[in-house]
Amino acid sequence: MSTGSVEVVYRGIFQKTLAKNICRGIVFAARKEGKIGTAFGRYGDSPERNGIPAKQFAVVSDTEEELEEHLAKYEPVNNDVTIAADDALCKGIESWAWYGLQPINKLLGDGGTLLVTSIQSPNKLIKTIHRKGTPYNLAIVKAQASFSGLWAYKDDHTDVRLLGALAKVAPHIVSLDAMLEAIRDQWNDDLKVAAAKRAYEATESTPVGVDQGNDEVPFSFDLPGWTKMEEGLVIRGMDAKPQDVPGRDGGYVPTRNEVFKKFSTRTMRPVINFDTCTKCTLCWLNCPDTCFDITPDGFYDANMEACCGCGVCEAVCPVKDCVTMVNEEAFEDNDSQWEMWTKDKEGYLAWLTKNITERPARSHGYHHVGQYAEEIADGTA
Amino acid sequence: MAPPDTATAAKTIELPGGSGDEREELISGSEAIAHACRLADVDVITAYPIRPYDTVMQYVSQMISNGDFDCEFIVAESEHSQFEIVKHASAVGARVFCGSSGVGWFYAFEALAVTAGLRIPMVAMVGNRALDDPGAFGVEHNDALAVRDLGWMLAWVATAQEALDTALIAYRVAEDPRIFLPCAISCDGAFLTHSQAIVKVPSKEMVDSFLPPYDRGEKQLHPDNPITIAPQVNEDWLMEMRQQNDKAMRRAREVIIEAYDDFEAKFGRGGEPFIERYMMDDAEIVLVGMGTLALPVKVAVRKMRGQGKKVGFLRVRWFRPFPTIELQDALSGVQAVGVIDRDYGFGSPFHSGVLANELRSALYPVENPPKVVSFIAGLGGREVSIDNVVEIAGMTYDAANDSLDDQDTHWIGVRE
């Protein structure tokens with residue numbers, strides 16, 4: 001008698017099919033061993049938005065009666081494995097209709113495994129993950145995040161590599177043999193079977209202790225009861241006065257929700273060249289999330305707690321390379337670019353140039369018209 | 001190697017283990033309904049998006065684009081038009097399917113209200129959803145229940161397999177010339193519409209042996225059969241028409257029983273038509289509910305049985321026609337019944353849920369009737385936990401022992 005559950009945290013649109021393939025693959029493979037399972041997405045999510053963190057689950061049990069205990073629920077807690085299909089999700093996730101940033105390992109059971117696609121070292125990755133309070137394991141499948149797409153699925157084998165690795169870290173859920181058999185059935189492709197097997201062989205787990213990781217305490221609150229809620233669905237507004245930022249005289253920083261910050265949706269961020277900026281206001285006017293702060297000297301500084309990385313600012317900026325979207329992998333903090341620039345203009349220019357010229361490939365889309373043709377020509381696409 | 005196309009990669013994979021002409025697939029309740037449409041060879045389907053019903057549209061359109069299904073698929077500009085279109089298509093002899101959820105179902109209400117009167121055997125799926133505002137996607141049953149007195153047959157299902165099977169049975173019953181009434185199949189949002197389970201999908205041949213083609217006969221609107229449907233009638237005619245509707249609904253009981261018997265013979269499953277009895281044999285108290293509520297309740301009942309408590313569960317599968325006879329039979333002799341409504345009936349007798357009051361009415365003529373206690377739970381899609389069910393069972397025992405007022409209604413799992 002046993003039940004196993006796997007949570008797949010993924011990015012809306014870019015990874016929806018990837019997550020679906022993984023969860024269905026788990027249920028198919030378990031079926032090969034006579035088990036019964038279910039696969040489903042978290043209903044409150046809205047994964048039809050670019051990059052937004054969302055979840056899918058697979059639950060497999062030995063018997064139907066056992067599985068019933070896990071049905072008619074939104075999300076299984078105490079999962080055996082949590083898969084993060086993009087290592088940037090390790091910083092925490094804010095899904096649509098959630099209540100603030102949630103640690104990536106929140107629904108991982110004691111002694112479970114967090115399985116991540118990443119090219120970072122375990123030690124570097126652990127630093128970004130919130131402390132769990134109980135020991136767990138971190139396993140890495142060496143890969144860049146696969147933004148394989150929804151409408152057209154770019155099959156880079158990330159789905160089967162994660163499935164192969166899953167058989168290694170959670171053999172009690174499904175064995176490698178069953179997994180390979182299910183992959184062969186599903187795709188009829190020897191390469192995909194080989195990719196799963198290689199991932200199985202290469203995957204190793206690192207134990208993570210209770211005192212390792214990011215010690216930030218995530219936001220939490222108690223939901224009020226019916227006697228405490230205002231009747232008639234009334235929500236009181238926030239004080240809309242601009243924020244008073246210490247050390248800044250002038251400019252305009254709008255009031256923002258302190259809890260719902262949205263930045264975990266971001267897979268790229270705008271990097272701004274203040275030396276070439278003409279203060280035309282287009283980025284500020286067009287930003288759908290009002291994320292540009294007006295600085296005392298009249299520049300527009302994209303607030304990295306509020307920016308969800310849509311790239312509209314880059315698209316509307318009339319100056320060449322003034323706003324450039326750079327893969328989120330290049331950054332470790334959400335610090336103000338304008339403050340960096342005011343403190344050390346030469347240093348900032350060097351940082352900016354490095355990020356623009358040596359940046360990791362864009363997570364999605366293109367920087368300029370004709371970029372795809374160029375990439376095809378030099379073989380990077 | 002050619003890159004695999006999305007359609008192939010994401011396509012449902014056939015699994016071994018299906019018996020005979022059936023194959024196992026991993027599909028959601030919505031996808032199961034879409035398969036039923038394909039297998040019933042529905043002629044006209046209309047669509048207008050609203051969660052959770054829209055998933056059916058997605059699967060139907062995918063089947064059409066993959067070449068697996070041929071039907072007129074019309075995306076209307078509102079739910080009202082959506083239901084009007086299929087109503088008219090059915091009148092000219094097309095087998096039709098439609099559906100909606102929550103306020104989408106309500107936006108179509110004018111069309112829904114007249115469908116039964118015109119004796120249109122439409123089959124619809126209601127992906128049960130709370131009525132916004134406030135915006136909420138989760139399941140409540142008040143949306144589908146709103147048509148309960150208008151001549152619609154109403155079924156509630158608990159699994160994706162039951163969704164597929166019931167949709168096929170619904171066509172057979174609705175299109176039976178003795179009936180010609182619309183039928184709605186209610187599927188709980190999220191827990192059924194969006195959860196994939198292993199489902200046996202029958203072959204077209206098997207379904208053809210069970211479901212005859214739709215034949216409207218002399219009622220078919222056609223140039224060769226010049227008829228008028230729905231002229232002005234007023235007080236001289238309408239009451240007789242309503243009586244006809246009533247008689248048709250009364251006949252539905254026998255036709256539903258026939259359909260389940262034949263379904264069982266052809267497919268080897270189906271169960272008791274109107275109700276599901278779970279661990280009822282020696283039960284002292286019985287919990288009653290509809291839809292996916294059955295899953296946590298069954299788990300809780302098994303646990304309580306393990307502790308020696310004689311608790312049973314009765315799942316109502318058809319709400320219209322209401323299974324009065326079956327419920328009287330099943331619940332006579334029980335000490336107390338706890339009805340768990342995933343709906344509300346503000347201002348109703350005892351402020352109870354809709355199912356609880358219907359059941360009280362059905363049990364009124366029974367000698368020494370059981371106490372009936374009404375519980376409201378799981379609104380807005382809130383999960384009904386196993387602990388909630390154990391609490392409900394405890395309170396139902398209290399009602400049996402006269403230590404709890406059975407003429408009050410109890411909200412379970414609500415924050416104070």
Side-chain angles (χ1 to χ4, degrees), chain A residues 16-18 20-21 23-25 27-28 31-32 34-44 46 56-59 64-75 97 148-156 159 182 185-192 222-229 233 235, chain B residues 1 3-17 24-29 51-52 55 132-139 158-160 188-198 291-300 302-303 378 381-386 411 414-416:
Chain A
K16 194 179 177 197
T17 304
L18 174 70
K20 188 174 184 182
N21 283 356
C23 289
R24 291 172 63 84
V27 178
F28 289 140
R31 193 75 180 137
K32 296 282 180 200
K35 296 179 185 176
I36 185 122
T38 178
F40 56 98
R42 191 182 187 277
Y43 188 60
S46 204
Q56 289 189 29
F57 302 94
V59 185
E64 279 192 51
E65 283 196 351
E66 220 182 320
L67 184 65
E68 266 179 5
E69 297 194 28
H70 305 273
L71 300 176
K73 292 185 174 171
Y74 292 110
E75 52 183 16
S148 38
L150 176 65
W151 311 118
Y153 186 64
K154 189 168 72 181
D155 188 0
D156 55 13
D159 42 19
D185 266 12
Q186 197 168 352
W187 283 285
N188 192 25
D189 180 348
D190 289 339
L191 268 179
K192 292 202 78 149
D222 291 325
L223 293 161
W226 72 270
T227 55
K228 312 279 191 312
M229 287 162 62
L233 307 171
I235 307 291
Chain B
M1 193 187 83
D5 66 53
T6 323
T8 314
K11 207 171 169 179
T12 303
I13 307 303
E14 288 178 37
L15 294 171
E24 279 193 350
E25 295 196 15
L26 179 61
I27 55 176
S28 68
R51 194 189 292 202
T55 42
D132 326 40
D133 288 339
F137 298 141
V139 48
T159 64
D188 288 355
F191 304 137
L192 189 52
T193 56
H194 284 60
S195 300
Q196 300 169 72
I198 304 280
T292 57
L293 200 65
L295 301 164
V297 174
K298 283 180 180 176
V299 175
R302 286 198 295 271
K303 280 189 200 285
R382 182 161 301 177
E383 288 174 11
V384 176
S385 69
I386 290 157
W411 288 56
V414 64
R415 293 187 305 272
E416 281 296 316

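Sequence lines set the chain letters: A, B, ... in the order given, protein chains first and strands last, and positions in each chain run from 1.
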(request) Compare every heavy atom of B/Leu26 with every heavy atom of A/Arg24, then report the nearest pair and how far apart it is. (result) NH1-O, 2.9 Å
(request) Specify the closest pair of heavy atoms between A/Leu233 and B/Asp133, including all atoms of both residues, with the distance to one decimal. (result) CD1-C, 4.3 Å
(message) Treating B/Glu383 as the side-chain partner and A/Tyr74 as the backbone partner, does any N or O pair qualify as donor plus acceptor under 3.5 Å?
(response) yes
(request) Grab the two heavy atoms, one from A/Pro224 and one from B/Arg415, that are nearest each other, plus how far apart they are. (result) O-NE, 2.7 Å
(request) Count the heavy atoms belonging to other residues, nucleotides or ligands that lie under 6.0 Å from CG of A/Asp156, then report whether that count exceeds 12. (result) yes
(request) Taking all non-hydrogen atoms of both residues into account, name the closest pair between A/Thr227 and B/Glu416 and its distance. (result) OG1-C, 3.2 Å
(message) Using 0.5 Å steps for rounding, measure from the CD atom of A/Glu69 to the CZ atom of B/Arg302.
(response) 7.0 Å
(message) With heavy-atom distances below 4.5 Å as the criterion, would you say the side chains of B/Thr292 and A/Leu71 are in contact?
(response) no
(request) Pick whichever of B/Gly138, B/Gly381, B/Ser385 has the most heavy-atom pairs under 4.5 Å with chain A. (result) B/Gly381
(message) Could you report the tightest heavy-atom contact between B/Glu24 and A/Arg31, atom names first, then the distance?
(response) OE2-NH2, 2.7 Å
(message) Tell me if a side-chain donor or acceptor on A/Tyr43 pairs with a main-chain N or O of B/Phe137 at a distance below 3.5 Å.
(response) yes
(message) If I measure from the heavy atoms of chain B, does A/Leu223 come under 4.5 Å with its side chain, its backbone, both, or neither?
(response) both
(request) Please report the shortest heavy-atom distance between A/Ala72 and B/Leu295, naming the atom on each side. (result) CB-CD1, 4.0 Å
(message) Between A/Lys73 and chain B, with a heavy-atom cut-off of 4.5 Å, which part of the residue counts as in contact: side chain, backbone, both or neither?
(response) both
(request) Give, for atom CD of A/Glu68 and atom CD1 of B/Ile386, the distance between the pair rounded to the nearest 0.5 Å. (result) 10.0 Å
(message) Let's test your reading of the structure: which of B/Ser28, B/Ala294, B/Pro296, B/Pro52 forms the most heavy-atom pairs below 4.5 Å with chain A?
(response) B/Pro52
(request) Find the distance between CG (B/Leu192) and CZ (A/Phe40) and round it off to the nearest 0.5 Å. (result) 13.0 Å
